[in-house]
Chemist: 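Take a look at the following structure, please.
Below, chain A is the first sequence line, B the second, and so on; all start at residue 1.
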Amino acid sequence: MPNQGNSAPPLRVRFSPSPTGLTHLGSARTALYNFLIARKTGGAFLLRIEDTDQKRYDPSAEQDLISSLKWIGLEWDEGPDVGGPHKPYYQSQRKDIYRKHAEELIEKGKAFYCFCSPEELKVVRETQQKRHEQPHYSGLCRKIPPQEAQQRVQNGESHVVRFKAPKEGSITVTDLLRGEITVENSKVDDMVLLKSDGHAVYHLATMVDDHLMQITHVLRGEEWLPSLPLHAHIYEAFGWQQPVWVHLSVFLKPSGKGKMSKRDTAEMRLTGQSIFMKDLAGMGYLPEGVTNWIALMGWSYDDHTEFFTMKDLIDKFDLAKLNPSPAAIDFKKLDHFNGLHIRALAQSELAKRLIPYFDKAGFKVDAAQLAPIVAIIQTRMATLDEGPELAGFFFKEEIAVPAEMLLGKGMTVAASIEAVRRALEIVESLPEFSATKIEEPMRALADDLGVKAGQLFGILRNAVTGQEVSPPLFESMEIVGRKKVVARLQAAISKLGN
RNA sequence: GCCCCCAUCGUCUAGAGGCCCAGGACGUGGCCCUUUCAAGGCUAAAACCGGGGUUCGAAUCCCCGUGGGGGCACCA
């Protein structure tokens, strides 16, 4: 659908993760969609760190988060590291703001102080569960007269602030992807807004921040859908206008059965797959490939277009084409997209990105050395770490090739030796050692020997590259260079002779 | 147990009542190209969860069932 002149108004959106572990695919996609719609509409994308749970907050997770988002090319207009008009962007530093808002709600009679201890609460919850009821707050402290509650707070009694959820009637909230959702108010619990340590809980902190930071659209995970009615009530209690709610579907494990558990992710990493951005980067996936892949899990453009650069995505992304149903992750498809983006890379760029992988495999190479090689391996890689597997032989001084690999298909030892010997003669006598100049006499040699070209080339491939599977033979020979080819063929002859 | 969401090939999806005996992509099989492996081209198999409505007509709307997913904390 082409944009008809009067495009969408600029949206203010945010990604607000809680850094408690490594950044995974699901978070990355939520961040990506937020970023895309901000850029698309010329709006703003903010990053806000939800670190009100001091027990779970992990600074290294925050580092991982920032680097993961940057890796796929996301930039934020406001956030912890770049600042902005609504700072601070750490919820732990906004404690006073939340306290003030909690008090405002108490004054309005929309919240109350609760002095129930966690132990008491636990007992109530357990009996409710035994009775097969949805666990909910008993309502005990709701009845305490405000003055008395105020007094107890002033006396230093440990307390929390709870939302006074309406108990009559029902509430209808609208989600962009799912339409109207109506829930009985009796199902909305008196959730804790402010913990006894003075920190706000998500339900308060996020609503307050989204309002204060003038967020127009909330794109968040589907796991928040059950608390949407609560959130709508909180907005109403403050008298604020709600943002547009968009709940993105969750990612399911490859089997499609449930979302990834801690154990699943651990097992997956053992098999060389991972849902963590950090791992994906190390495994040789391109940020372009990963981005393309996750963008299409839950969003689509049309029937034919599947290859997207970030620029394309910004151009084409549209909230209206979001899909509400959960999606199973498929790593085969990642490989496909990654291959597509590897092939779309300029050769010089590919060479540059390949260097660290050769390095890791123990090959000291530079971009100039890699240049001719890239040309013949570019279509042969799904991930960058396949580079050294495919082309490591170019940089080895010696290659060890077992004798049985040097035997031509259906050929005797003697015939194989003869073939290599004759090929060696050609290699040594060629005036110009280039791929095109090598091929012709080698084909003639095969004819002369009475063997198929494939039989001869097979022996030579194994002798020169040490691999059954390699880039094209003659191009490889040219790059390896005459001197080394001669040495490797001589080594093959002596190996066969023993 | 209770609440909510979702439901098209194995997977990601197109489909907003007739364009659909359902299209694309990944994966899988076959063929072509080819010195191996890829890439590329062609091709095949493969789906509207079930039942009721509404309608001249339903993959598309409604209801029920079933299945799947998510949630029920002083975590986010």
Chemist: List for me each residue that meets side chain to side chain contact (heavy atoms under 4.5 Å, CB included) alongside A:Leu212, sequence neighbours excluded, and say none if there are none.
Modeler: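 Here the qualifying residues are A:Arg94, A:Ile97, A:His101, A:Val208.
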Chemist: Atom pairs, N/O to N/O, protein against nucleotides 43-48 of chain B, distance under 3.5 Å?
Modeler:
none

Chemist: Quick one: ring pair (Phe, Tyr, Trp, His ring centres under 6.0 Å) partners of A:His211, sequence neighbours excluded?
Modeler: A:Trp240
Chemist: So does A:Asn323 get a side-chain nitrogen or oxygen closer than 4.0 Å to the phosphate oxygens (OP1/OP2) of B:rA14?
Modeler: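 Checking B:rA14 against A:Asn323, a side-chain N or O does come within under 4.0 Å of OP1 or OP2.
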Chemist: Test: salt bridge (charged side-chain N to carboxylate O under 4.0 Å, His left out). Region: residues 375-393 of chain A. Which pairs qualify, not counting sequence neighbours?
Modeler: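 Pairs touching residues 375-393 of chain A that pass the test: none.
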Chemist: Please enumerate all residues that pass side chain to side chain contact (heavy atoms under 4.5 Å, CB included) together with A:Ser68, with sequence neighbours excluded.
Modeler: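 Scan of A:Ser68 (side chain to side chain contact (heavy atoms under 4.5 Å, CB included), adjacent residues dropped) gives A:Thr23, A:Asp64, A:Met277.
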Chemist: Only counting residues at least two apart or in another chain, list the ones meeting side-chain hydrogen bond (donor to acceptor under 3.5 Å, both in side chains) with A:Tyr202.
Modeler: A:Arg220
Chemist: Would you mind building the protein contact string for nucleotides 70-76 of chain B? One character per nucleotide, 5' to 3', B for base within reach (heavy atoms under 4.0 Å), S for sugar-phosphate only, - for untouched.
Modeler: BBBSBBB
Chemist: Sugar-phosphate means primed atoms, P, OP1 and OP2; the rest is base. With that split, encode nucleotides 59-65 of chain B 5' to 3' as B, S or - using protein heavy atoms under 4.0 Å.
Modeler: -------
Chemist: Can you list everything that forms a salt bridge (charged side-chain N to carboxylate O under 4.0 Å, His left out) with A:Arg48? Sequence neighbours excluded, please.
Modeler: A:Glu50, A:Asp209, A:Asp210
Chemist: Please list, chain by chain and in numerical order, all residues satisfying side chain to side chain contact (heavy atoms under 4.5 Å, CB included) with A:Ala419, sequence neighbours excluded.
Modeler: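 Residues passing side chain to side chain contact (heavy atoms under 4.5 Å, CB included) with A:Ala419: A:Met411, A:Leu449, A:Leu456, A:Ile459.
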Chemist: Counting only heavy atoms and a strict 4.0 angstrom limit, can you tell me which residues of residues 329-336 of chain A come near RNA chain B?
Modeler: A:Asp330, A:Lys332, A:Lys333, A:His336
Chemist: List in chain and number order the residues that pass side chain to side chain contact (heavy atoms under 4.5 Å, CB included) with A:Pro118, two or more places apart in sequence or in another chain; answer none if no residue qualifies.
Modeler: none
